[in-house]
Number of protein chains: 2
Amino acid sequence: MNFDPLLKYINNYIDLTDDEIAFLKSKLIIRKYLKGQYIVQQGDICKYECFVLKGCTKTFYVDKEGQEHILMFSIEDWWTSDMGSFITQTPADFNVQCLENSELVMFSYDIIEDLYREIPKLERFFRQIIERAFVASQKRIVRSFSLSAKEQYLYFRDQYPLIEQRIPQYMIASYLGITKEFLSKIKSQLILEQ
Amino acid sequence: MNFDPLLKYINNYIDLTDDEIAFLKSKLIIRKYLKGQYIVQQGDICKYECFVLKGCTKTFYVDKEGQEHILMFSIEDWWTSDMGSFITQTPADFNVQCLENSELVMFSYDIIEDLYREIPKLERFFRQIIERAFVASQKRIVRSFSLSAKEQYLYFRDQYPLIEQRIPQYMIASYLGITKEFLSKIKSQLILEQ
DNA sequence: AATAAATGTTAAACTAGATTAACATCATTT
DNA sequence: AAATGATGTTAATCTAGTTTAACATTTATT
């Protein structure tokens, strides 16, 4: 049970005393999932915000035509959840599924208010990480507006080289909002170009 | 100088004492802008998060081809800013421009830390509104993935009927990520259908 | 009232990316 | 080693949305 990567991450934003760390740890659990297992399922109420200690997840949405759209991948030191479902405790729009055997720190809805009350600094911490998540989400909208599929792929490859290696290509296509056939075409074009 | 709409809005999330309200008001300013004026310009450092008391703004981005892409409209009781620039105090990616004569409450970067220190509840307040903004942004990505242009327009019209009336059609096209000509075609199709 | 500027429409030609379908390669299980 | 399932490629055809360009309508200015 090793919370170190989480504590190190939190330490980038706020300073916690030893007592606070002990309290925090007492409220959290680490959970292991196997490849293929779901952390959140569309329609369920999302009970946790999760910090990835180890492994890799995808957050996706199945539309009315049955098509899967990937919104996000999360690897070590990232967060995952359906925040819309979590904050309102209403049915989730998204699924979160493990692409590898994974290990996550679970912040449960039932304890998060206790955490904020006992350690008000955590309110600051979460405000700051959500600000960043929001900015990243807005930038993604900008890219989808102003970049071609090829440019978006190059951006992804450049920004997340580690993710690209761990994930099948058809999932990257889904993340980029294009078909796997078209991504394949883009990649063969890129090979010809160099 | 009437802060009432802001105070009423904050009151949906947290309870402030009279002293806290007085302190908050002492740190804020209300500023009036004319139609066409810029609140934030691409490249500048965004100094303010703004709450709209009156009027209407657009947040947009000019890409390398010189094309304008609108990310957001803000009307009464909404927020506007370039949050990425604000939180990191680096050059803004976006412009925020008034589409009507407007009146805004300005939360300056220089005072916001004082506010958090004096009134820790505000940290909670901002955490909550940013959580919502993030969820809304993710949902917009989902819509752009899984809805056709016509469906996205119908969604916009349904969700923001008041905004549609106040804004020229070519800006709505830009917000939806389509050309004004294509939106015009969609609207004439919709008229034929009913 | 006349003019100019801003906004909106229509239609033809074009293109980025989707769809379909057949095949190729790789990994896993027996 | 063969067989199965998962992943990736190629190419032909199709379509949602773009581009261009000409014109129409509305609003603001003199």
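Just so it is clear: chains get the letters A, B, ... in the order the sequence lines come, proteins before strands, and each one is counted from 1. Note that these values count all heavy atoms, side chains included, but never hydrogens, waters or copies made by symmetry.
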Checklist entry - Listed in order of residue number, which residues of residues 162-171 of chain A have a non-hydrogen atom at under 4.0 Å from DNA chain D? => result A:P168, A:Q169, A:Y170

Item to check | Pairwise side-chain contact, B:I112 with B:F126, heavy-atom cut-off 4.5 Å (strictly under) | outcome: yes

Next on the checklist: At a heavy-atom distance below 4.0 Å, what parts of residues 153-160 of chain B sit against DNA chain D?
Outcome noted: none

Item to check | Heavy-atom side-chain proximity of B:L16 to B:I119 below 4.5 angstrom | outcome: yes

Checklist entry - Do you know which two heavy atoms are closest between B:C56 and B:S102, and how far apart they sit? => result N-OG, 3.2 Å

Checklist entry - If only atom types and distance count, is the side chain of B:N95 paired as donor or acceptor with the main-chain N or O of B:Q42 below 3.5 Å? => result yes

Next on the checklist: I'd like to know if A:E68 pairs up with A:K58 as an ion pair, taking the criterion as any Lys NZ or Arg NE/NH1/NH2 lying under 4.0 Å from an Asp or Glu carboxylate oxygen.
Outcome noted: yes

Checklist entry - Given atom CG of B:L192 and atom C1' of C:dT9, what is their separation to the nearest angstrom? => result 13 Å

Item to check | B:Q189 CD to C:dG8 P, straight-line distance once rounded to whole Å | outcome: 18 Å

Next on the checklist: Ring of B:Y175, cation from B:R140 - is the NZ or CZ under 6.0 Å from the centre and inside 45° of the axis?
Outcome noted: yes

Item to check | Residue whose closest nucleotide on DNA chain D lies nearer the 5' end, B:Q67 versus B:K35 | outcome: B:Q67

Item to check | Earlier contact from the 5' end, DNA chain D, for A:S184 and B:K180 | outcome: A:S184

For nucleotides 12-18 of chain D, give me every protein contact, N/O to N/O, under 3.5 Å, one pair per line with atom names.
| residue | atom | partner | partner atom | Å |
| --- | --- | --- | --- | --- |
| D:dG17 | OP1 | B:A149 | N | 3.2 |
| D:dT18 | OP2 | B:T179 | N | 3.2 |
| D:dT18 | OP2 | B:T179 | OG1 | 3.1 |

Next on the checklist: Using only atom types and a distance under 3.5 Å, with no angle test, would you say the side chain of A:D77 pairs donor to acceptor with the backbone of A:L53?
Outcome noted: no

Next on the checklist: Strictly below 4.0 Å, N to O, side chains only: are B:E131 and B:R127 in salt-bridge contact?
Outcome noted: yes

Checklist entry - Any salt bridge between A:E76 and A:R166, counting N to O under 4.0 Å? => result yes

Checklist outcome for this item: Exactly one of A:V105, A:D110, A:L104 clears side chain to side chain contact (heavy atoms under 4.5 Å, CB included) with A:F107, and that residue is A:V105

